[in-house]
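Scroll down for the structure; my scribbles are underneath it.
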Protein chains: 2
Amino acid sequence: MTPPRDVRRAVDLRERDRRILDAAALAFREKGFHGVGMDEIGARAGLSGPSLYRHFSGKDEILATLLHLAMDELYEATAPTGADPADDLDRALRHHVRFALERRDLVVLHQRELGNLAEPWRPAFTARMGHYTRRWEELVARRLPNLDPDEVAAVTQAALGTVFSVSTWPARAHRLATTGGPDVVVELVLELVHGGLDGSLSGT
Amino acid sequence: MTPPRDVRRAVDLRERDRRILDAAALAFREKGFHGVGMDEIGARAGLSGPSLYRHFSGKDEILATLLHLAMDELYEATAPTGADPADDLDRALRHHVRFALERRDLVVLHQRELGNLAEPWRPAFTARMGHYTRRWEELVARRLPNLDPDEVAAVTQAALGTVFSVSTWPARAHRLATTGGPDVVVELVLELVHGGLDGSLSGT
DNA sequence: ACGGACTGTGAACGATCGTTATCATGGGCG
DNA sequence: CGCCCATGATAACGATCGTTCACAGTCCGT
């Protein structure tokens, strides 16, 4: 009998693969995709470099898998419920800030290593990115109906920039999360973003 | 007679060096520091790979020079005039947004390649980064006096994340700048940031 | 005109990279 | 037990990297 799968997720993994991916994500965040060798990824995961090829077809697939993992999480968070537009946007923002706090490695990769995604993974991922961006712009457009499409796109990117910056905050700014817990950071960022969007309600 | 220099700037260059640096900045932005070879940098600048060593001691120094160039521009923009704190913050923000639009390559490097800065350039640049961050936090703290230091650090990073996101906006969002000119983007981003900061005036 | 400093080139070196080949080990099952 | 497939390790290959070397052309002061 085939094991049950969550069809909406592009990636499903065994436990050993997760160790490899976690090690790779951390290493990629620290030194960049091209700055880390297969031997180092293997060593961090507790095995040798060439053994990684028993789990992935190569370094490129490891990166592609990590980017898809991040996209799984981020895309789901943008699902509209059809209810109050402001609630949908608020929920998406909260989920993103929390994810940027808990999986800094994945979010940093999503910001920095998109350009290093190789064939044949690039087209499929570019398509997913398109859907993701369109959903975000819908969330923003519903909240700010009097903006034209270019403005919606810009405001969306600015808001995402604010949210994702959490994953690159230096230790000084990150202390807020370690002392007060993640919720403190979530509320602070949401206050900033919502305040900015409220100010943009004035129209063109 | 020694040529006159602007002492506040860490970097001063001849014209040929600028071509090399521009080519390197563009290549680094597209493929990442480790993803570009010296031969490619040279080819983009109109010469061969080994010729670059007539102008720089190596690849690491090219990156270090680029990061210092970005820091020259960004640090100057954070100078307080002692006048109205709100004006100082506003001027710094405007300068940063405009710089993130005009020199996307340098700003992207400043965001992504700090970790690839090698010895012996790392300590000096880390020190400059510290001064830069502290000046920014002062600008924010003067504008929001009832925030504690950790909150100031977090709000500062979030605002910088918003501003610097401009340099990574995709084409869709960037069309605002090509159709309406850079000022449209500057005003939009400033409205977002100021709106967020106003909302945070409510205190802890 | 001569000599040296400056700036360019192609060839080549050692190191490291991603990947493959080859072999060892061990658990599940006839 | 004997077999096999999954999973590990070591050695090695070709490619590419950053860098150095040896050399050629050009400009300029004497």
Side-chain angles (χ1 to χ4, degrees), chain A residues 1-3 12-67 109 112-113 115-122, chain B residues 1-3 12-67 109 112-113 115-122:
Chain A
M1 180 183 300
T2 69
D12 195 33
L13 300 164
R14 310 248 238 310
E15 198 251 320
R16 193 61 183 274
D17 303 62
R18 291 209 175 271
R19 284 187 56 98
I20 295 172
L21 290 171
D22 285 347
L26 199 61
F28 289 163
R29 186 187 70 140
E30 292 172 4
K31 310 195 191 181
F33 177 69
H34 289 295
V36 182
M38 292 295 273
D39 287 347
E40 179 173 348
I41 298 175
R44 292 203 195 205
L47 22 68
S48 224
S51 303
L52 300 175
Y53 289 81
R54 304 293 182 185
H55 302 263
F56 299 94
S57 68
K59 198 184 176 188
D60 289 329
E61 195 187 54
I62 294 182
L63 176 62
T65 306
L66 288 170
L67 292 177
L109 291 197
R112 298 186 178 168
E113 309 290 358
N116 292 123
L117 189 61
E119 304 292 348
W121 294 274
R122 181 181 291 273
Chain B
M1 178 183 302
T2 69
D12 196 31
L13 300 165
R14 311 244 246 298
E15 198 252 319
R16 192 62 183 272
D17 303 60
R18 291 208 175 270
R19 282 186 57 97
I20 295 172
L21 290 171
D22 284 347
L26 199 61
F28 289 163
R29 185 187 71 138
E30 291 173 4
K31 309 194 191 182
F33 177 69
H34 290 295
V36 182
M38 293 294 274
D39 286 347
E40 179 172 348
I41 299 174
R44 292 203 194 205
L47 18 69
S48 226
S51 305
L52 301 175
Y53 290 82
R54 303 294 182 187
H55 301 263
F56 300 94
S57 68
K59 198 184 176 189
D60 289 329
E61 194 187 55
I62 294 182
L63 176 62
T65 306
L66 288 170
L67 292 177
L109 291 196
R112 298 186 179 169
E113 309 289 358
N116 291 123
L117 189 61
E119 305 292 348
W121 294 274
R122 182 180 290 273

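Lettering follows sequence order; numbering is per chain, from 1.
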Return the set of residues passing salt bridge (charged side-chain N to carboxylate O under 4.0 Å, His left out) with A/Asp39 (not counting sequence neighbours), or none when no residue passes. none
Closest heavy-atom pair, A/Tyr53 versus A/Gly58, reported as atoms and distance to 0.1 Å, is CE2-CA, 3.7 Å
Does any residue of residues 30-42 of chain A have a heavy atom under 4.0 Å from DNA chain D, and if so, which ones, in number order? none
Which atom of B/Glu113 lies closest to which atom of B/Leu67, heavy atoms considered: O-CD1, 4.2 Å
I need the full list of salt bridge (Lys or Arg N to Asp or Glu O under 4.0 Å) pairs touching residues 45-67 of chain A, with sequence neighbours left out, sorted by first then second residue. none
Evaluate the side-chain proximity of A/Asp17 to A/Phe56: yes if any heavy-atom separation is below 4.5 Å, no if none is. yes
Which nucleotide span of DNA chain C, 5' end to 3' end, has atoms closer than 4.0 Å to non-hydrogen atoms of chain A? C/dG18 to C/dC23
When you look at CZ of B/Arg122, are more than 12 heavy atoms from neighbouring residues, nucleotides or ligands closer to it than 6.0 Å? yes
What is the distance from atom OG of B/Ser48 to atom CE of B/Met38, rounded to the nearest 0.5 Å? 11.0 Å
Applying the side chain to side chain contact (heavy atoms under 4.5 Å, CB included) test to A/Ile41, which of A/Leu47, A/Val36, A/Leu21 qualifies? A/Val36
Contacts under 3.5 angstrom, residues 25-34 of chain A side chains, donor-acceptor by atom type, not counting sequence neighbours:
residue	atom	partner	partner atom	Å
A/Glu30	OE1	A/Arg44	NH1	3.3
A/Glu30	OE1	A/Arg44	NH2	2.9
A/Lys31	NZ	A/Glu40	OE1	3.2
A/Lys31	NZ	A/Glu40	OE2	3.2
A/His34	NE2	A/Asn116	ND2	3.0

Give me the residues of residues 47-55 of chain B where at least one heavy atom lies under 4.0 Å from an atom of DNA chain C, by number, or none. B/Leu47, B/Ser48, B/Pro50, B/Ser51, B/Arg54, B/His55
Gap separating the CG atom of B/Leu109 from the CG atom of B/Leu117, nearest 0.5 angstrom: 11.5 Å
